[in-house]
J.: 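The structure follows.
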Amino acid sequence: MIFIVVKFTVKSDQAEKWPEITREFSEATRAEPGNKWFEWSRSLENPNEYVLVEAFTDDGAEPHVTSDHFRSAMADGGPMHRALASTPKIISRQVDGDGWDEMGELKVN
């Protein structure tokens, strides 16, 4: 599985609009056959930072980055690009497993 975490720092005047700015891209990505999940969170420490946690099957990442909706979303001058304060930071790794596992150190009965 390909596991990806991306931090997006958006301009302060765009922070509240970010979910709507990314909605079409998010929905299209979630509909891809190789997508396992595509989840946005907002930082508690920095209200202008959004974190994207996404995963794809081993064969699903390449079709994602070559899709029309990906290219459109990443385009210079597009809505996402205009809303960003800086270049996003990414961690992308191939990992063993097929999904989320329970945390061993903290169990809830």
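All values below come from the heavy atoms of this structure, side chains included, with hydrogens, waters and symmetry mates left out. Worth saying up front: this structure is predicted, and the values here are computed from it rather than measured.
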J.: Can you tell me how far the CG atom of Leu84 sits from the CG atom of Asn48, to the nearest 0.5 Å?
T.: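 The distance works out to 11.5 Å.
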J.: Distance from Glu62 atom CD to Thr57 atom OG1, nearest 0.5 Å?
T.: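 One gets 11.5 Å once the value is rounded to the nearest 0.5 Å.
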J.: Which residues pass the side-chain hydrogen bond (donor to acceptor under 3.5 Å, both in side chains) test with Ser86, not counting sequence neighbours?
T.: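 side-chain hydrogen bond (donor to acceptor under 3.5 Å, both in side chains) list for Ser86, sorted by chain: empty.
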J.: Return the minimal non-hydrogen interatomic distance between Ala15 and Pro47, and the atom names on each side.
T.: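 That would be CB-O, 3.7 Å.
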J.: Can you list the steps and then say if Glu20 with Arg23 is a salt bridge (charged side-chain N to carboxylate O under 4.0 Å, His left out)?
T.: CA-CA 5 Å; Glu20 187 55 38; Arg23 182 175 318 283; 2.8 Å; yes
J.: Can you tell me how far apart NE2 (His64) and CZ (Phe56) are? Round to the nearest 0.5 Å.
T.: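 One gets 4.0 Å once the value is rounded to the nearest 0.5 Å.
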J.: Got a sec, which hydrophobics cluster with Ile91, joining ILVMFWY side chains under 4.5 Å apart, including via others?
T.: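 Once heavy-atom contacts under 4.5 Å are chained together, Ile91 still belongs with nothing else.
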J.: Is there a path of hydrophobic side-chain contacts, each under 4.5 Å between heavy atoms of I/L/V/M/F/W/Y residues, joining Tyr50 to Val53?
T.: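 No.
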J.: Going by heavy atoms in the side chains, are Phe70 and Thr29 under 4.5 Å from each other?
T.: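 No, their side chains stay 4.5 Å or more apart.
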J.: Just do the side-chain hydrogen bond (donor to acceptor under 3.5 Å, both in side chains) check on Asn35 and Glu54 with the steps written out, would you?
T.: CA-CA 8 Å; Asn35 181 256; Glu54 55 186 312; 5.4 Å; no
J.: When hydrophobic residues are tied together by side-chain contacts of less than 4.5 Å, even through go-betweens, does Met74 share a cluster with Ile90?
T.: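 Yes, one cluster joins them.
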J.: Just jot down the ring pair (Phe, Tyr, Trp, His ring centres under 6.0 Å) partners of Phe8, sequence neighbours excluded, or say none.
T.: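 So Phe8 forms a ring pair (Phe, Tyr, Trp, His ring centres under 6.0 Å) with Trp18, Trp40.
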J.: Shortest non-hydrogen contact from Ala61 to Ile2?
T.: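 Scanning both residues, the minimum pair turns out to be CB-CG1, 4.1 Å.
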J.: For a quick test of reading the model, state the closest non-hydrogen atom pair linking Glu16 to Pro19 and the distance between them.
T.: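 Scanning both residues, the minimum pair turns out to be O-CD, 3.6 Å.
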J.: Could you pull out the closest heavy-atom pair between Val65 and Arg71, with the gap in Å?
T.: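 Reported closest heavy-atom pair: O-CG, 4.4 Å.
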J.: What residues, two or more places apart in sequence or in another chain, satisfy side-chain contact (heavy atoms from CB on, under 4.5 Å) together with Val95?
T.: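 Met1, Phe3, Arg93.
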J.: Please give me the minimum heavy-atom distance between Ser67 and Glu32, naming the atom from each residue.
T.: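 Taking every non-hydrogen atom into account, OG-OE2, 4.1 Å.
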J.: Rounded at 0.5 Å granularity, tell me how far OG1 in Thr22 sits from CD in Glu27.
T.: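 So the gap between those two atoms works out to 9.5 Å.
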J.: Measuring from Arg82:CZ to Gln14:CD, what's the distance to the nearest 0.5 Å?
T.: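 The CZ atom of Arg82 sits 8.5 Å away from the CD atom of Gln14.
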J.: Quick one: list whatever passes side-chain contact (heavy atoms from CB on, under 4.5 Å) with Ser72, sequence neighbours left out.
T.: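 By the side-chain contact (heavy atoms from CB on, under 4.5 Å) rule, Ser72 matches no residue at all.
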J.: Tell me whether Val51 shares a hydrophobic cluster with Ile4, the cluster being built from Ile, Leu, Val, Met, Phe, Trp, Tyr side chains joined at under 4.5 Å.
T.: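 Hydrophobic grouping puts Val51 apart from Ile4.
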J.: Could you go through residues 96-109 and list every donor-acceptor pair under 3.5 Å that involves a side-chain atom there, pairing it with any protein atom two or more places apart or in another chain?
T.:
| unit_1 | atom_1 | unit_2 | atom_2 | d |
| --- | --- | --- | --- | --- |
| Asp98 | OD1 | Lys36 | NZ | 2.9 |
| Glu102 | OE1 | Lys107 | NZ | 3.1 |

J.: In terms of heavy-atom contacts, does CD of Glu39 have more than 12 from other residues, nucleotides or ligands at under 6.0 Å?
T.: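 Enclosed: over 12 neighbouring heavy atoms sit under 6.0 Å from CD of Glu39.
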J.: What heavy-atom pair brings Ile21 and Ala83 nearest, and what distance separates the two atoms?
T.: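 Minimum heavy-atom contact is CD1-CB, 3.8 Å.
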